Amino acid sequence: MSLRNEFSAVGMSSRIAITAAMIAAALPAAAWAQDAAPAEDNASADTIVVTGYRASLLNAINQKRNAEQIVESVSAEDIGKLPDASIAESIARLPGLTSQRVNGRSNSIAIRGFAPDFSTTLLNGREQTSTGDNRAVEYDQYPSEVVSAVNVYKTPMASLVGQGLSGTVDMRTIRPLDTGKRIFSVGARGSYADLGKLNAKSDDMGYRANAMYVDQFADDTIGIALGASYNNEPYQIKEYNAWGYSDLANGDRVIGGAKAMVTSTKLKRMGLNGTLQWKPAPNLTTTLDAFYSNFKDDQIKRGVEMPLQMGVSADNPAMSPVLTATTVENGLVTSGQFANAKPLARNDLFQRHAKLYSFGWNTKWEGEDGWNAFFDASYSKTDRSELTIETTAGTGRNLVGAKDTIGFNTGTKGSTFSNVIDYGDYDTILLTSPQGWGGTQIAPDGTAIRNGQDGYYNNRHIKDELWQFRTEVEHEFESGPLHSFQVGLNYTNRSKSLVPEEYFLGLAANTDGLTSVAVPQEYRLGATDLSMYGLGSVISYDPAALVRDGIYNRVANPYGDVVVKSYAIRERLMTAYFQGNIDSEIGSAHLTGNFGVQAQWTDQNSLGATAVNLGTAPNGSPIIGGEERRASTDYLDVLPSLNLSLRFPSDTVIRFAAAREIIRPRLDDMRASLSWSYTIADGVAQATGSSGNPDLRPWRANALDFTIEQYFGGKGVIAAQFFWKDLKSYIYNTDLTVPTDGLALQDPGQGIPVSDTAQLNVPINGKGGTLYGVEIATTLPFETFLPALDGFGITGSVAYTKSKIQATPDSPSGDLPGYSKWVANGTAYFEKWGFNARGSVRYRSTFLGEVSGFAANRVRRRAAAETIVDAQIGYDFQAGSALEGLSLYVQGQNLTNAPFITTNPGDSREVIDYQTYGRRFLAGFTYKF
């Protein structure tokens, strides 16, 4: 193996030694090469020895310096511990990267202004299935303790299979033979959420534990690495959500409706990984990887939902709120009250359970004659279910029951309210359908819900499976400007399917359409405090228990919007590639890099359904069938790429890259299905629907990158990165008008007629636009310039991105999901004598975020800028101490309690979401034997 491969990444032990000679001789490694063995602890006198977080930064700097692509890296500061609580949080600190928080956790990554859909994630160089509806990996599936390093490739090269358009994230686990030592480490931490226990039977304290074992046997020809991580942590959320804002007759705007909720989440995850390596001959290594994740995210959400101005209906004045006593500021009603209002008490449950399996086998031959080869086979599978149960309660069913007067004050944090009725009184607030939504529903077997549904049951079953086979041959040359060439072939077969299971919920006791039921004593859990919204409290119970014990009947939703949600997608890709690797002297400079091309044949198939109205059963129940719809297409993409790095004796590196980049369409956008829903306007039901497009082609872009990097003594770096992407193809949604004759549409109820035409929203390929920007990044240990400041340093970046991409032809440039014009992060640290402390700040400017609606549909909203502040202090017991190997630390996350805010694009005063997650405090240890 060449020095280039030996120095691909400095070793993963807590003591990392790098000699000046090694730095001078180091050359970049191929993207798929595994980490080489670290230097011995008893390094010579001219060896620089660093530990802990500084070692992590040094690893990342040298990975960046010696890579052939433009790459950012996160390296474990010790076996079993990344610098942050999760992989996503660590990655989000890299230049040009940021994250979106979901339920207070960072679980998705945006690279260079593009949404997560535009990047891909690999595990040990292999593509992975996803727990989401699309391709984007959700990082909270992967325990940080089992990952030794993460590389983010911002430019592609021909031998990088599974690359994304905005970037490619490659998570790496430990290679035991490369580690070269026996290691056994354990760790644990406790966590505390300072919002407290917002819901009954919820927790504000949790824990996390992990262990890692690495060893070598049989004269270092057999290596094993085993890791385990268990997570049991709560998250608490205060959630305000506005339905939207309505226009009054005089042109003023007022809140249309709102939900004031509190959510308690319990996240449980068991993560296991193992690696077995065997080196039967000096030139032959075979490696077997396995990873398993069992993920459970259980949420309970309680609060009050208030139909206000959007609840006004000329056809139903008895249920229409009346707005009075208003205060108006610049066209926005900032205070007032709604008489004749009938809010709903909500107890909702959400359970997201997923099991992820990943296996890989690699055999690699490194010949003494310059010929190398490897074969790799992998399998990834995800089984996921998402259960949502929505239940409602109030003073009575539909027209029955007392009305309330709701006062409101609208400000920068949304609205606060006042009320007359006590929503925490079990004698007043009954299980019922306060608004009569859904009307009467009758199943073919006669089971009925009368005068309004009392809730809804939605269970989605998703399966994702991926096989990948790859082989490559490489030949190295002893001299000449071409160091080596690589020829490879990869085959990927992926399938993903969704099967929905949806029911109306109705009280078993409601046989006359007038009955409401008090929550039985054995199910009562007290009251949930909503005083932060001015609403007092709300009754609390377990909705799953009421369904399980027959308090509610389940009536299958027979309508076409459910029938057509099922789909199955299959993709087959054959990728052939050639890559030449450059290694040449140009005067006093050293030129390295690669050039090559990928040819990617894609065969995509989609199976879905179109709902068909087959008539009405004798009991009045609609009979809806599904007409199977199959579609397929195939296409070829040719993807040339060039990466050049010119390295000067002054420790300056200049890089240039050019490539054709693609990312395949969202899997759910390729579904061959149609679905429908209603919007009531002027007494008429307007049907709107959505459909996938099985004939979609990828997003395609031409890209240029230029980077200047200045290194300082192998310890620090300042880099300026410039990039430009010209999207030749962009996928956006457009509306088509179709007749409603023959469509399987449910009766909207209350005698409301259906419009003669419907709007169908379909994703299509259109023209793109350009996106360009600059990223300034630095890592500077202060001792590089002033020895007295040994141990102090900073690392961080600022990125500016300009978008001239239009998400739709009529939208303004830049209005695409995930795009923030400014992204910045910084960490200041001190590490010496065993003590370590660091504070971190992450900032992103406003962006178009994606949140999940009740039916797990994507909803896009304008998110406000946010700044996240974290900190950590710790102590590592030093060599010679009786506690050598023990590290203690305390962390604080989101110390400023930064909220997640979304607003209406037209007026930032119109707050849609205002969520607070609170601060999290963690204390833990790691012990390495």
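Starting from 1, each residue takes its place in the sequence as its number. These numbers were taken from a predicted model, which means no experiment stands behind them.
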Candidates K201, Q236, K197 - the one meeting side-chain hydrogen bond (donor to acceptor under 3.5 Å, both in side chains) with S264: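 Going through the options one by one, the only one that passes is Q236.
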Taking the basic N atoms (NZ, or NE/NH1/NH2) and the acidic carboxylate oxygens, is any pair closer than 4.0 Å for [X] and [Y]?
{"X": "E390", "Y": "R346", "answer": "yes"}
{"X": "D203", "Y": "K266", "answer": "yes"}
{"X": "D348", "Y": "R302", "answer": "no"}
{"X": "E239", "Y": "K259", "answer": "no"}
{"X": "D542", "Y": "R548", "answer": "no"}
{"X": "E502", "Y": "K565", "answer": "yes"}

Exam field: side chain [X] to backbone [Y], donor-acceptor pair closer than 3.5 Å:
{"X": "D194", "Y": "R919", "value": "yes"}
{"X": "K238", "Y": "M532", "value": "no"}
{"X": "Q441", "Y": "N557", "value": "no"}
{"X": "Y245", "Y": "V911", "value": "yes"}
{"X": "N458", "Y": "L387", "value": "no"}
{"X": "D454", "Y": "S433", "value": "yes"}
{"X": "D549", "Y": "I551", "value": "no"}
{"X": "S320", "Y": "S313", "value": "yes"}
{"X": "D422", "Y": "T428", "value": "no"}
{"X": "D425", "Y": "I429", "value": "no"}

Just by distance, no angles: are the side chains of [X] and [Y] close enough, under 3.5 Å, to form a donor-acceptor pair?
{"X": "Q915", "Y": "Y917", "value": "yes"}
{"X": "R909", "Y": "T334", "value": "no"}
{"X": "T528", "Y": "S540", "value": "yes"}
{"X": "T737", "Y": "T757", "value": "no"}
{"X": "T263", "Y": "K301", "value": "yes"}
{"X": "E305", "Y": "W243", "value": "yes"}
{"X": "Y533", "Y": "S415", "value": "no"}
{"X": "D404", "Y": "N419", "value": "no"}

More than 12 heavy atoms of other groups within 6.0 Å of D682 CG: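 At most 12 heavy atoms, drawn from other residues, nucleotides or ligands, come within 6.0 Å of this atom.
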Over 12 non-hydrogen atoms of neighbours within 6.0 angstrom of CG in N250: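 Yes, enclosed.
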Quick check: closest heavy atoms across [X] and [Y], and the distance to 0.1 Å?
{"X": "P321", "Y": "P307", "value": "CG-O, 3.5 Å"}
{"X": "I539", "Y": "A393", "value": "CD1-CB, 4.1 Å"}
{"X": "Y914", "Y": "P899", "value": "OH-CG, 3.6 Å"}
{"X": "T391", "Y": "P543", "value": "CG2-CB, 3.7 Å"}
{"X": "L525", "Y": "Y426", "value": "N-OH, 3.5 Å"}

side-chain hydrogen bond (donor to acceptor under 3.5 Å, both in side chains) between T916 and Y240, intermediate numbers included: CA-CA 9 Å; T916 54; Y240 164 85; over 6 Å; no
Six-ring centre of F847, R844 cation under 6.0 angstrom, axis tolerance 45°: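 Flagged: R844 positioned over aromatic ring of F847.
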For residues [X] and [Y], determine if any side-chain heavy atom of one lies less than 4.5 Å from a side-chain heavy atom of the other.
{"X": "T265", "Y": "D297", "result": "yes"}
{"X": "T395", "Y": "P434", "result": "no"}
{"X": "R397", "Y": "L507", "result": "yes"}
{"X": "L530", "Y": "V304", "result": "yes"}
{"X": "Q453", "Y": "L505", "result": "no"}
{"X": "M306", "Y": "L344", "result": "no"}
{"X": "Y423", "Y": "S537", "result": "no"}
{"X": "L431", "Y": "L546", "result": "yes"}

Full working for side chain to side chain contact (heavy atoms under 4.5 Å, CB included) between R920 and Y235: CA-CA 9 Å; R920 294 180 63 80; Y235 292 81; 3.6 Å; yes
Centroid-centroid under 6.0 Å between Y503 and Y457 rings: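 They qualify: ring centres under 6.0 Å apart.
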Test of ring centre spacing under 6.0 Å for Y456 and F504: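 Here the rings of F504 and Y456 have centres that are less than 6.0 Å from each other.
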Pair E501-R460, salt bridge (Lys or Arg N to Asp or Glu O under 4.0 Å): steps then yes or no: CA-CA 6 Å; E501 181 186 1; R460 307 168 76 241; over 6 Å; no
Stepwise side chain to side chain contact (heavy atoms under 4.5 Å, CB included) check, S99 with R842: CA-CA 10 Å; S99 66; R842 283 183 289 150; 3.1 Å; yes
Side chain to side chain contact (heavy atoms under 4.5 Å, CB included) between T432 and T392, worked out: CA-CA 6 Å; T432 191; T392 60; 5.9 Å; no
Side chain to side chain contact (heavy atoms under 4.5 Å, CB included) between R253 and V333, worked out: CA-CA 6 Å; R253 301 268 291 171; V333 180; over 6 Å; no
